[in-house]
Structure formats: C-alpha cells, structure tokens
Amino acid sequence: MRNSFFRFLRSPLVTLQQKIVGNAMQMAVVNLRPGQTVYCEAGKFLFKTANVTMETRLSGPSGGGGAPPAGNGGSGMGGMLRQAMGTAMQVGQRALAGESLAFQYFTSTGGEGTVGFAGVLPGEMRALELDGTRAWFAEKDAFVAAESSVEFGIAFQGGRTGRSGGEGFVLEKFTGQGTVIIAGAGNFIDLDPADFGGRIEVDTGCVVAFEEGIRYGVQRVGGLNRQGLMNAVFGGEGLSLATLEGSGRVILQSMTIEGLANALKKAQGGDKQGPTGGLFSTHAG
C-alpha cells in the first residue's frame with residue numbers, strides 16, 4: 001500500500017514515517033504502519049488512502065501510542081464521568097485559546113496507509129521528534145499533526161507577559177514521545193540563544209516554536225522616551241519584542257500573519273496604515 005514515490009525513510013530514531021514536500025506551500029505526507037494512528041487539528045487534512053479510517057473526536061490523544069480509547073475510559077460510572085470531565089476541560093482550554101475544538105484521527109487498517117496534511121498559510125513545515133525528556137512549545141495554530149503518543153496541550157503564559165506582548169499569551173504544548181508536525185509562514189530559521197550570548201530578541205509574530213528550557217518573555221521596545229516612541233510608532237514593531245533566553249532549539253518564521261494580512265489588504269486597496277507601520281498598523285479582519 002505504501003507509495004514508493006515519496007521514498008519514506010526508515011530509522012530507529014523516527015517513529016512516524018513522513019516526508020515534507022513542496023516549496024511555497026508545503027505539505028506532510030505520512031506513511032502509517034498497520035494499526036498506527038496519527039491525529040491532526042480539524043482543517044489540516046488533505047487526503048488519505050482508502051484503507052485509512054478517519055474519526056473526529058473532541059478528546060485529545062490517549063498518549064498510549066495507539067488509537068484513542070473507545071471504551072468507558074475507566075470502571076463504571078465514575079470512570080465515564082472522569083473521562084467526560086477531562087474532555088470538557090480540554091475543549092474549554094482550546095476554546096479559550098482560539099484553537100479548533102476537535103481533532104481528526106487516522107488509523108491504518110489492513111496494511112500500510114498514507115495520509116496528507118498541510119498548514120493554512122504559505123510557508124514551511126517541520127517535523128519535531130520528542131524523546132520524552134523535553135516538551136516543545138509553539139505559537140497557536142502552528143500544530144498540524146502528530147502521533148497518538150504525543151500529547152497536545154495548551155500552556156498559558158503569565159498574565160504580565162500576555163498583556164505586555166499581545167502575542168504569545170497562549171502557547172501549544174507537546175509532550176510525550178513521537179513525531180509532531182508544525183507549520184508556519186514564510187521560511188524557517190533554527191537558532192540557539194546560547195550561540196548569541198544566551199538571549200535573542202524577536203518580533204513577537206516571528207516565533208514558531210521552542211524547546212522546553214528556553215525562557216520566553218515579552219519586553220517593551222525601548223523606554224517611554226523619545227527614541228522609544230519613535231521605535232514604536234515608526235519602526236513597525238509596535239511596543240513589544242519577544243525575548244528568548246537559555247540554551248535550546250528555537251524556530252523562527254520569516255513572515256508574520258499580521259504582515260501577510262496587511263500586504264493582502266494593501267493589494268486590495270484597503271490598507272490604511274501608511275508608510276509608518278507600528279502603532280498605526282491596521283489589523284486585517
């Protein structure tokens with residue numbers, strides 16, 4: 001059943017056989033072993049072979065490496081109630097974060113199967129391998145798909161960070177073991193703050209993902225003085241920058257969603273930000 005065109009690579013260190021294809025708008029083609037399950041955020045599915053079953057659920061993955069449990073989730077009424085409460089909490093968190101309320105699960109039956117996924121913006125995709133020792137954090141909407149052994153959660157940054165930055169208050173969190181696929185806008189660059197004196201400062205919209213151990217925060221661009229106001233009003237960055245400190249892998253994107261939205265709006269003759277950007281920029285929508 002496996003399509004040799006995609007040339008999936010077998011490796012003992014990679015648990016989900018996948019290949020990222022394309023350039024300006026990439027997609028991930030995943031080869032599933034018999035009985036293996038992968039799940040995605042609703043709206044990220046592209047295609048599948050006929051022997052791959054699809055099921056939509058409100059609950060997150062079981063974390064056991066197989067298909068989501070179809071039983072009562074425990075013994076008797078107490079187990080069913082705990083499962084229902086856990087699902088309700090997951091859905092509530094995703095609703096507060098503005099994420100999709102449901103996941104789609106794909107399981108290969110009767111041999112190997114193939115599933116395709118994609119992001120929603122023109123840009124790159126990346127497969128991250130989790131070994132159980134470090135979690136990964138990503139900006140909301142970055143998640144595309146993952147093995148069922150990878151847990152998807154929502155991480156709320158401190159209130160001060162969220163209020164100061166306007167972005168980064170809500171992060172996606174991935175734990176467990178296995179492969180998770182993320183997507184972003186434009187091109188990716190991988191950095192380690194340790195290679196730059198232990199700290200880098202980034203446009204808040206350019207952060208895609210980072211490893212656990214990286215300290216993420218938001219700071220004002222300059223002080224409340226003449227130069228600080230010049231940076232905010234005419235610099236195009238607004239009032240805040242994201243700060244990433246420590247040692248670990250950081251993935252940045254070359255395009256921000258706001259920048260793409262403003263470019264499209266300008267092309268349609270609706271841009272009202274003028275040449276300054278910054279505080280005068282107009283959010284699409």
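By the neighbour-count criterion of 12 heavy atoms within 6.0 Å, atom CG of D195 is densely surrounded, having more than that number from other residues, nucleotides or ligands.
The side-chain heavy atoms of K44 and V120, taken from C-beta on, include a pair separated by under 4.5 Å. In this structure, the side chains of L244 and R199 stay at 4.5 Å or more apart for every pair of heavy atoms. Side-chain atoms of T114 and V29, non-hydrogen and from C-beta on, do get closer than 4.5 Å to each other.
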Report the C-alpha distance between F137 and E172 in whole Å, list the side-chain angles of each, state the deciding distance to 0.1 Å, and finish with yes or no for side chain to side chain contact (heavy atoms under 4.5 Å, CB included).
-> CA-CA 6 Å; F137 296 89; E172 298 172 338; over 6 Å; no
Criterion side chain to side chain donor-acceptor pair (under 3.5 Å) on Q104 and E55, from CA distance to verdict = CA-CA 6 Å; Q104 291 178 300; E55 184 177 8; over 6 Å; no
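The ring of Y216 has its center closer than 6.0 angstrom to the ring center of F210. Here F47 and F117 keep their ring centres 6.0 angstrom or further from each other.
Rounded to the nearest 0.5 Å, atoms SG (C40) and CG (L46) are 9.0 Å apart.
Of the possible polar contacts, one joining the Q26 side chain to the G22 backbone as a donor-acceptor pair under 3.5 Å is found. Remark: side-chain polar atoms of T204 are not paired, donor with acceptor, to backbone N or O of V207 under 3.5 angstrom.
Partners of E211 by side chain to side chain donor-acceptor pair (under 3.5 Å), not counting sequence neighbours, listed by chain and number: R134. Partners of R249 under the side chain to side chain donor-acceptor pair (under 3.5 Å) rule, at least two apart in sequence or in another chain, are D190.
Ring geometry for F143 versus F152: interplanar angle of 30 to 60°, hence tilted.
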